[in-house]
**Student:** 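One structure follows; several queries about it will come next.
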Amino acid sequence: MANDKLPDGLEISGPGMEGLRNAIKKLADQEVLVGIPEVNADRNAGETITNAALGYLHEFGAPEQNIPARPFLYPGIRDEKERIAAGLKKVANAIADGASAQQVDQLLAQVGMIASSSVKKKINSGLEPALAESTLAARARRGRAGAAQELANRAAGLSPSTALAKPLVDTGALRNSITYVVSNRRKK
């Protein structure tokens, strides 16, 4: 019979300890990654920047390139932290109840879906600051009606807005590249 001491002095023993220990190890070895995996990083043919690099630039900004920070990944995940925590609690409970590896992976995938959907929602919300007039003009030349209307609104004296021309949403390639991956943690 296994007998383990816990840090606070409690003891857990019994015939199911080995299975529980293995289940906890499996959970500790699993991770849900949310963002732009390498397989989703490429953009259109001929473009030199990947979606992953573009996402990084927008998340943290690049003042030397006149690109303001428009965080979407961390805030998007933070917006659903309660649902994500509840999902992870479900995973832990399932493991404690003896769930199969496939069931655990499915529950982790649900957590990943919640997080990646929230990140996309954050992008769709119209992140501040509003687009520069030069960016709006470039979009208008490509036929984006919202950008043209936003330029007209500004010319009429209205304050800049993200309602008609949303930052980070032009072709949708960056937003659509955001997903999740359930995988084994890399050994360090």
Side-chain angles (χ1 to χ4, degrees), residues 31-88 105-186:
E31 62 186 353
V32 180
L33 304 172
V34 178
I36 304 168
E38 187 177 340
V39 297
N40 290 14
D42 289 338
R43 292 179 61 77
N44 297 328
E47 293 190 47
T48 57
I49 192 166
T50 66
N51 281 317
L54 193 58
Y56 182 88
L57 282 173
H58 287 299
E59 182 77 17
F60 298 104
E64 67 282 359
Q65 295 176 329
N66 203 27
I67 298 172
R70 291 187 176 99
F72 61 92
L73 184 62
Y74 294 115
I77 292 171
R78 208 171 26 249
D79 286 351
E80 287 291 352
K81 68 182 176 186
E82 287 84 16
R83 284 183 64 204
I84 291 168
L88 292 173
D105 286 349
Q106 288 172 346
L107 290 170
L108 288 170
Q110 289 174 7
V111 171
M113 187 80 84
I114 291 167
S116 62
S117 294
S118 182
V119 171
K120 291 176 183 181
K121 182 179 176 184
K122 178 60 79 178
I123 290 173
N124 286 338
S125 72
L127 299 169
E128 295 290 338
L131 293 171
E133 289 195 14
S134 59
T135 303
L136 290 169
R139 285 188 181 186
R141 283 191 300 276
R142 290 193 308 273
R144 306 296 194 264
Q149 183 61 53
E150 175 64 17
L151 281 172
N153 288 352
R154 290 183 189 183
L158 296 177
S159 297
S161 169
T162 63
L164 296 170
K166 297 183 185 310
L168 310 190
V169 182
D170 186 15
T171 66
L174 174 65
R175 179 196 55 223
N176 295 341
S177 69
I178 295 167
T179 189
Y180 67 92
V181 175
V182 175
S183 67
N184 289 324
R185 288 187 193 277
R186 295 183 189 110

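Worth knowing before you read on, the calculation uses all heavy atoms, side chains too, and leaves out hydrogens, waters and symmetry mates.
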**Student:** When rounded to the nearest 0.5 angstrom, what is the spacing between CG in L73 and CZ in F60?
**Tutor:** 8.0 Å
**Student:** Output every pair passing side chain to side chain donor-acceptor pair (under 3.5 Å) with a member in residues 147-161, not counting sequence neighbours, ordered by first then second residue.
**Tutor:** Q149-N153, E150-R154
**Student:** Report yes if the side chains of I49 and L57 come closer than 4.5 Å at any heavy-atom pair, otherwise no.
**Tutor:** yes
**Student:** Roughly how far, to the nearest 0.5 Å, is the CG atom of L168 from the CZ atom of R175?
**Tutor:** 10.0 Å
**Student:** Is any side-chain heavy atom of I67 less than 4.5 Å from a side-chain heavy atom of H58?
**Tutor:** yes
**Student:** List in chain and number order the residues that pass side-chain hydrogen bond (donor to acceptor under 3.5 Å, both in side chains) with R144, two or more places apart in sequence or in another chain; answer none if no residue qualifies.
**Tutor:** D170
**Student:** If every non-hydrogen atom of A140 is compared with every non-hydrogen atom of L151, which pair is closest and at what distance?
**Tutor:** CB-CD1, 4.3 Å
**Student:** Just how far is it from atom CZ of R139 to atom OG1 of T171, taken to the nearest 0.5 Å?
**Tutor:** 9.0 Å
**Student:** Do the side chains of L127 and T162 get nearer than 4.5 Å, heavy atoms only?
**Tutor:** no
**Student:** How far does CG of D79 sit from OG of S125, to the nearest 0.5 angstrom?
**Tutor:** 8.0 Å
**Student:** Determine whether I178 and I123 make a side-chain contact, defined as any pair of heavy atoms from C-beta on separated by less than 4.5 Å.
**Tutor:** yes
**Student:** Does the side chain of L174 reach to within under 4.5 Å of the side chain of I36, using non-hydrogen atoms?
**Tutor:** yes
**Student:** How long is the span from the CZ atom in F72 to the CD1 atom in I77, to the nearest 0.5 Å?
**Tutor:** 10.0 Å
**Student:** Quick one, P75 and E59 - any side-chain contact, counting heavy atoms below 4.5 Å?
**Tutor:** yes
**Student:** Over all heavy atoms of both residues, which pair between A69 and P129 is shortest? Give the atoms and the distance, please.
**Tutor:** O-CD, 4.0 Å
**Student:** Identify all side-chain donor-acceptor contacts of residues 107-119 below 3.5 Å with residues at least two apart in sequence or on another chain.
**Tutor:**
{"from": "S116", "atom 1": "OG", "to": "G112", "atom 2": "O", "distance (Å)": "3.0"}
{"from": "S116", "atom 1": "OG", "to": "M113", "atom 2": "O", "distance (Å)": "3.4"}
{"from": "S117", "atom 1": "OG", "to": "M113", "atom 2": "O", "distance (Å)": "2.9"}
{"from": "S118", "atom 1": "OG", "to": "G76", "atom 2": "O", "distance (Å)": "2.4"}

